[in-house]
Structures are given as C-alpha cells and as structure tokens.
Amino acid sequence: MQKLVAQRRILIIAALFPVFSGCGRSGPDYAALDLAAVHGRVTLDGTPLENALVLFESDDGAFSFALTDRRGDYEMMFNSEKPGVAKGTKTVRIWSSRAIPGMSEAAGGANGLGRGRPERVPARYNDRSELEAKVKNDSERFDFDLKTFVSP
C-alpha cells in the first residue's frame, strides 16, 4: 500500500513537471493558483529536526514540499521554482529518512538527503499522519512539535 502511494506521488510530480517547468513560450500562471506562503519549525521531542521532509498533501494527492534546515525551519515549495501551498485543508506528513520525491540528488532527491537513515519520526506523523493544516491566508506559520512517545 505504501509503495503504491509513493508511486502515485512520483507520477503526479512527473505529470506536473512539464506544466510548471517553464517549457514553452510562457511560464505558468502562478497567480491563478492562489498560493499561500507557508513556513514553520519542526521539532522532535523539543529538538530541531534537521533535513526532514515535510509534505502538505491535498485529498487528490497533490502536494507541496520542504526540507528543514539545522534549526528545524522550513519553507514550503509548490514546485522546484515557486514557493507556496495551494489553499485548503492539507494532511501534513513529516519524515526524517525520506528524500523529496522526483527531485535530483543534488536537490535532496531520491538518492540524496535521507537515504539510508533509520526513520526517527513515528508513523502517526507520516505514513499514517494525524497532522492537519488549514491553509487559509496568504501567509501562514505552522510549527510541529512531534513526540516519539505519547502516553495513553
């Protein structure tokens, strides 16, 4: 099941790449997408989570992505050129061991950051995410303080 979801995400990126890569005579009309600037910080048990993949995923499987810096800070990208997130309710997924799907190794993609590391973030924050963000305004901040253990 997880493999199917990952394959679907890669196919979505591959399908959208020609549309948003600037090919053709004119670039994409980003203004029509009504993107919001989204940023924040990710911590795991109070410690900044460095080089974590953050996805804001729509119900249709489309997503924006970010990698956290050494302070756990992130800024969401709509694609490799444009920052932002389409407005609406998003499922948030965060991994410490995954790379950005469909990106080159130099940009932290499939063979870059994250590969070969054990996953430190519990599945309730990624594959079976309980995290949600409601992106409503032109600029939003979402901080996520993840816990490895939650008492019952």
Side-chain angles (χ1 to χ4, degrees), residues 1-17 19-21 33-152:
M1 178 71 164
Q2 292 175 1
K3 190 174 185 178
L4 183 60
V5 171
Q7 288 173 341
R8 185 180 80 191
R9 288 182 181 142
I10 290 169
L11 288 174
I12 290 169
I13 289 173
L16 290 176
F17 184 76
V19 175
F20 296 110
S21 66
L33 297 173
D34 195 25
L35 298 175
V38 174
H39 65 281
R41 178 170 287 161
V42 179
T43 57
L44 181 62
D45 296 325
T47 302
L49 190 59
E50 183 178 3
N51 291 326
L53 172 63
V54 180
L55 294 181
F56 276 47
E57 184 178 8
S58 300
D59 288 341
D60 64 3
F63 61 87
S64 289
F65 62 90
L67 284 177
T68 59
D69 65 15
R70 64 181 177 77
R71 294 183 314 261
D73 293 334
Y74 69 90
E75 180 180 352
M76 299 304 295
M77 297 294 293
F78 178 73
N79 63 21
S80 63
E81 297 176 358
K82 181 71 176 165
V85 174
K87 293 179 182 174
T89 301
K90 309 296 178 193
T91 299
V92 179
R93 301 181 189 281
I94 303 171
W95 291 271
S96 67
S97 67
R98 293 221 181 146
I100 300 170
M103 297 291 282
S104 71
E105 181 176 346
N111 296 316
L113 298 170
R115 190 173 174 126
R117 291 187 301 186
E119 181 58 60
R120 296 173 33 213
V121 177
R124 70 179 172 276
Y125 302 125
N126 47 57
D127 293 328
R128 296 188 308 270
S129 184
E130 301 168 356
L131 300 173
E132 184 177 273
K134 294 183 182 189
V135 181
K136 298 183 271 187
N137 301 306
D138 290 338
S139 181
E140 298 270 11
R141 179 178 180 97
F142 295 98
D143 295 331
F144 300 99
D145 184 20
L146 314 179
K147 304 290 184 199
T148 54
F149 179 75
V150 177
S151 59

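Along the sequence shown, residues carry numbers from 1. Note that the structure is predicted; figures quoted are calculated from it, not measured.
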Spacing of [X] atom [atom1] and [Y] atom [atom2] [to the nearest 0.5 Å]:
X    : Y   : atom1 : atom2 : answer
D145 : T47 : CG    : OG1   : 9.5 Å
H39  : E75 : NE2   : CD    : 8.5 Å
D143 : D73 : CG    : CG    : 8.5 Å
T89  : D59 : OG1   : CG    : 8.0 Å
L49  : S96 : CG    : OG    : 6.0 Å
M76  : L35 : CE    : CG    : 11.5 Å

Practice problem: Take S58 and K90 through the side chain to side chain contact (heavy atoms under 4.5 Å, CB included) test and state the conclusion after the steps. | Solution: CA-CA 5 Å; S58 300; K90 309 296 178 193; 2.7 Å; yes
Quiz item: Any donor and acceptor pair, going by atom type alone, linking the side chain of N79 with main-chain N or O of K82 inside 3.5 Å?
Solution: yes
Quiz item: Hey, is the main chain of L67 close enough, under 3.5 Å, to the side chain of N51 for a donor-acceptor pair?
Solution: no
[Y] and [X], any side-chain heavy atoms less than 4.5 Å apart:
X    : Y    : value
S97  : R120 : no
Y74  : R41  : no
W95  : D127 : yes
K87  : D138 : yes
F142 : F56  : yes
D45  : K147 : yes
V54  : V42  : yes
V135 : V85  : yes

Practice problem: In plain terms, say whether E57 and R93 are close enough for a salt bridge, that is, a side-chain N and a carboxylate O under 4.0 Å apart. | Solution: yes
Exercise. In sequence, state the C-alpha distance, the side-chain angles, and the governing distance for L146 and T43, and then conclude on side chain to side chain contact (heavy atoms under 4.5 Å, CB included).
Key: CA-CA 6 Å; L146 314 179; T43 57; over 6 Å; no
Self-check item: Considering all heavy atoms, the nearest S64-G84 contact
Solution: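 Residues S64 and G84, closest heavy atoms: OG-O, 2.9 Å.
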Quiz prompt | Flag for E50-T68: side-chain donor and acceptor within less than 3.5 Å | solution = no
Self-check item: More than 12 heavy atoms from other groups under 6.0 Å of CZ on R141
Solution: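 Yes - once you tally the heavy atoms of other residues, nucleotides and ligands closer than 6.0 Å, there are more than 12.
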